[in-house]
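Numbering starts at 1 and runs along the sequence shown. Start at 1 and go down the list; that is how both ligands and their atoms are numbered.
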Amino acid sequence: MTVEADFIPATAESKPEHSPIDVSSKAFWAQTSEERDKTFARLRSNPDDHVSWQRPVEDAVTPDPDDPGYWAVVKHADIVKVSRDNDTYISGQGVLFDLLPPYFLELSQSFLAMDNPRHDHLRKLVSSAFTPKQIRRIEDQITTAAREVVDGFARDSSGEIEFVERCGKVLPTRMFCDMFGVPEQHRELVHKSAGDVVAWADPEALGDRSPQEVQVEACTNLHAVAKELIDERRKNPGDDLLSNLVQADIDGEKLTDFEIGSFFVLLSVAGTDTTKHTSAFTVKAMTEFPDQRDWLREDFDGRIKSSIEEFIRYASPVMTFRRTAVAEAELGGKRIIPGDKVVLFYPSGNYDEDVFTDPDRFDLSRNPNPHVGFGGGGAHFCLGNQLAKSMLRALFSELLTRVPEFEAGEPDLLGTNFMRGVKRMPFRFKPEK
Ligand code: HEM
């Protein structure tokens with residue numbers, strides 16, 4: 001069992017030269033995912049580059065002059081190996097690829113950036129809300145919400161909307177807010193702040209402000225909403241997720257408001273942006289591969305389960321997470337030593353030719369489809385994966401029956417090295433009669 005480790009500084013000891021195939025530059029992350037994958041494919045094609053020593057991320061939010069760099073993991077098998085070995089590769093020393101200030105991480109990461117035993121305690125506390133059984137219980141709620149989302153534009157005679165604002169963001173934000181009982185007047189702020197938390201490298205989100213300013217403001221807003229809800233549940237506890245958290249006892253200790261607030265921030269991002277971006281990339285993919293849309297429509301109920309796995313693989317909205325080694329290990333023929341940072345590139349794993357035939361093809365019948373879009377397994381595997389799948393199923397059921405003749409235009413992409421996202425995208429459709 002992993003224990004919470006003392007901080008081990010990274011060292012340049014016994015490291016090779018930084019790889020000439022660079023995945024740390026700003027220019028690299030400013031490319032489209034198709035362009036980036038050409039570089040990942042070069043790394044994947046040479047066994048000596050499967051795990052490559054890279055220079056520190058360029059223009060980090062809080063640069064560390066002593067940072068020697070990190071190991072880039074691009075093969076599916078290695079991503080799975082690292083994800084599942086939570087004794088060697090821990091999360092408690094940060095999970096983001098970019099270097100962000102410690103106070104921001106405390107405000108926003110909750111148990112995503114913890115190790116056992118605390119990670120398991122906290123995860124168990126909240127996981128009751130995410131079991132397949134629990135998700136089935138709220139299935140009707142999700143279906144109704146999805147119907148209302150599509151009601152919002154299906155008869156719009158203009159036959160055109162901006163997809164993210166009018167469709168993609170609405171269902172996940174609503175489900176997250178329902179889950180925590182966020183009142184209507186705070187919902188827009190919650191959505192905007194959740195987006196700002198992860199937009200630290202996107203010039204549009206920053207405007208003339210620094211990433212720190214934007215992040216801290218976004219986290220502070222979310223903590224303030226959480227605090228209001230926590231106070232209310234302390235007075236009137238119910239049978240909901242937040243009441244459970246407020247009343248929980250971990251080894252004789254109660255969670256502080258701050259800890260619950262950080263969990264609220266984590267979920268506001270993990271649960272909303274990821275699903276929103278997946279739905280945007282999926283309507284785009286269905287525009288480019290109309291045969292796949294037709295194939296799914298022929299037998300929606302029979303085919304949607306496997307199709308959703310392909311939605312996630314193809315979109316790969318979460319691009320990077322990091323671990324830190326606390327024991328010596330061998331990975332892709334390289335010697336990893338305690339203190340080394342190890343970064344997992346999920347889209348590269350999801351387009352790995354050794355696992356996925358014709359990976360650039362959006363193939364809804366792909367089977368098996370062992371993508372790493374929700375992580376490679378192990379202690380941190382996405383807690384909300386069932387909820388995400390359920391939302392995608394409900395949304396695409398509505399879209400493909402009510403406005404099946406649609407076409408997505410060019411997406412305006414989010415510019416960060418964490419979330420592969422769509423800021424806005426035109427969506428034209430034949431209105432429902
Ligand atoms: C398409 C949608 C989603 C994708 C692609 C996604 C992806 C991921 C990934 C890659 C991780 C990290 C896995 C690892 O480190 O091994 C993760 C963790 C997590 N996700 Fe998701 N996620 C999605 C939706 C959701 C939803 C809807 C929720 C909840 C409402 C959620 C809650 C979480 C939480 C709480 C964690 C941290 C788990 C832990 O550290 O134990 N996610 N997700």
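A donor-acceptor distance shorter than 3.5 angstrom exists from the side chain of D352 to the backbone of H76, with no hydrogens or angles considered. R36 places a side-chain N or O within 3.5 Å of a backbone atom of W29 that can act as its donor or acceptor partner.
Applying the 6.0 Å contact sphere to CZ of R234 captures more than 12 heavy atoms from other residues, nucleotides or ligands.
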Would you mind listing each N/O atom of ligand 1 next to any protein N/O under 3.5 Å, plus the distance?
from, atom 1, to, atom 2, distance (Å)
ligand 1, 15 (O), R323, NH2, 2.9
ligand 1, 16 (O), R323, NH2, 3.4
ligand 1, 40 (O), H380, ND1, 2.7
ligand 1, 41 (O), H119, NE2, 2.7
ligand 1, 41 (O), R123, NH1, 2.7
ligand 1, 42 (N), A270, O, 3.3

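The distance from the CD1 atom of I138 to the CZ atom of R136 is 12.0 Å, given to the nearest 0.5 Å.
Partner of F163 under the ring-ring contact (aromatic ring centres under 6.0 Å, His included) criterion, out of F429, F427, F406: F427 alone.
Using cut-offs of 30° and 60° for the angle between ring planes, the F362 and F311 rings count as parallel.
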